[in-house]
Amino acid sequence: MERYAGALEEVADGARQQERHYQLLSALQSLVKELPSSFQQRLSYTTLSDLALALLDGTVFEIVQGLLEIQHLTEKSLYNQRLRLQNEHRVLRQALRQKHQEAQQACRPHNLPVVQAAQQRELEAVEHRIREEQRAMDQKIVLELDRKVADQQSTLEKAGVAGFYVTTNPQELMLQMNLLELIRKLQQRGCRAGNAALGLGGPWQSPAAQCDQKGSPVPP
């Protein structure tokens, strides 16, 4: 009897899994219609079916949420670093202008052209330094964001999410961005509509746990 009951439970679990897969696939197919036609053509039934399978137990939703939180923290940190550098440059320019004004006021008239010429050279040197520091900061930001993208691609590939692998191809990157957007929208739909509306239970509770009391997604 126990063996028979276990077999029935396995059949029931399989049926529930199939139903969850169907619900997720149907939701994805509906969301894909909101994308530009060029990307709709690339998201085949097989790709969407594989994506739905990867989303079945809810783990991928947690992974995506974690990756996006890390991305937002990284972007905020880089923005603050650039802002600090801009403030340093602003203070530097102000101090240099004040220094030049005081020097011109203190010098004798016949020495003014010589002083002004020296100040112009100093100003050009400072502006060159500022441009180089800004360029280095922008390069650092681009490299750091590129690393984060590669980390996201690798993590999602290892999680078995269809369409994700490490690449710098602009078209593939845009496709991956659209896939991420599908996952986010599906997650938010689960929050708004509730698990019952999608026919999902069990691990699907994780995304729903990120909703506030009104059923709206809590921003990261």
Side-chain angles (χ1 to χ4, degrees), residues 17-76 78-79 82 138-139 141-200 203-204 206-208 210-212 214-220:
Q17 287 284 88
Q18 287 183 346
E19 178 64 17
R20 285 198 290 268
H21 178 258
Y22 173 77
Q23 296 283 353
L24 283 166
L25 178 57
S26 297
L28 286 169
Q29 289 174 319
S30 175
L31 290 171
V32 164
K33 295 176 182 178
E34 301 174 11
L35 297 177
S37 58
S38 59
F39 290 105
Q40 291 184 34
Q41 295 171 3
R42 296 197 58 192
L43 294 174
S44 65
Y45 176 89
T46 300
T47 299
L48 293 178
S49 179
D50 290 343
L51 180 58
L53 283 173
L55 297 173
L56 270 180
D57 69 356
T59 302
V60 171
F61 290 108
E62 297 287 351
I63 292 173
V64 168
Q65 184 68 22
L67 291 174
L68 291 175
E69 288 174 358
I70 293 171
Q71 177 181 325
H72 292 158
L73 289 173
T74 300
E75 290 173 350
K76 183 177 180 180
L78 292 171
Y79 171 79
R82 199 177 196 283
D138 290 342
Q139 286 180 340
I141 290 173
V142 170
L143 288 173
E144 183 64 26
L145 292 177
D146 284 347
R147 278 196 292 268
K148 288 301 176 186
V149 169
D151 288 344
Q152 291 175 348
Q153 292 170 331
S154 177
T155 299
L156 291 170
E157 181 183 18
K158 291 175 182 176
V161 183
F164 283 90
Y165 60 96
V166 178
T167 179
T168 57
N169 183 295
Q171 291 184 334
E172 295 303 309
L173 286 171
M174 186 60 67
L175 180 63
Q176 291 178 352
M177 288 173 63
N178 281 314
L179 287 171
L180 271 179
E181 187 64 17
L182 289 178
I183 294 172
R184 280 175 59 83
K185 285 183 177 180
L186 189 59
Q187 184 179 29
Q188 291 169 359
R189 176 180 289 189
C191 288
R192 289 195 299 269
N195 296 338
L198 286 176
L200 302 175
W204 178 258
S206 297
Q210 297 165 9
C211 298
D212 60 20
K214 296 180 180 179
S216 300
V218 178

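- Sorted by first and then second residue, the pairs that involve residues 29-39 and meet side-chain hydrogen bond (donor to acceptor under 3.5 Å, both in side chains), not counting sequence neighbours, are Glu34-Lys185.
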What side-chain donor-acceptor pairs closer than 3.5 Å can you find for residues 172-179, not counting sequence neighbours?
unit_1 : atom_1 : unit_2 : atom_2 : d
Glu172 : OE1    : Arg42  : NH2    : 3.4
Glu172 : OE1    : Tyr165 : OH     : 3.1
Glu172 : OE2    : Arg42  : NH1    : 3.1
Glu172 : OE2    : Arg42  : NH2    : 2.6
Gln176 : OE1    : Gln153 : NE2    : 2.8
Gln176 : NE2    : Gly163 : O      : 3.2
Gln176 : NE2    : Tyr165 : O      : 3.0
Asn178 : ND2    : Met174 : O      : 3.2

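- Residues that satisfy the side chain to side chain donor-acceptor pair (under 3.5 Å) test with Thr47, not counting sequence neighbours, are Ser44.
- Under the salt bridge (Lys or Arg N to Asp or Glu O under 4.0 Å) criterion, the residue pairs touching residues 145-154 are Glu144-Arg147, with sequence neighbours excluded.
- In this structure a side-chain-to-backbone donor-acceptor pair under 3.5 Å is present from His21 to Ser49.
- Among residues two or more places apart in sequence or in another chain, the side chain to side chain contact (heavy atoms under 4.5 Å, CB included) test is passed with Thr155 by Ile63, Leu67.
- Thr74 is linked by a side chain to side chain donor-acceptor pair (under 3.5 Å) to nothing, counting only residues two or more places apart in sequence or in another chain.
- Within the 4.5 Å cutoff, no side-chain heavy atoms of Leu51 are placed close to those of Leu24.
- Contact between Leu56 and Arg20 at its shortest, heavy atoms only, is CD2-CB, 3.7 Å.
- Sorted by first and then second residue, the salt bridge (Lys or Arg N to Asp or Glu O under 4.0 Å) pairs with a member in residues 47-56 form an empty list; sequence neighbours excluded.
- The minimum heavy-atom distance linking Ile183 with Phe61 is given by the pair O-CE2, 3.6 Å.
- With contacts defined as side-chain heavy-atom distances shorter than 4.5 Å, the pair Gln71/Val149 does not qualify.
- Remark: Leu145 pairs with Glu75, Leu78, Ile141 by the side chain to side chain contact (heavy atoms under 4.5 Å, CB included) rule, at least two apart or across chains.
- Nearest approach of Gly160 to Ala54, heavy atoms of both residues: O-CB, 3.6 Å.
- For residues 152-165, no residue pair satisfies the salt bridge (Lys or Arg N to Asp or Glu O under 4.0 Å) rule, not counting sequence neighbours.
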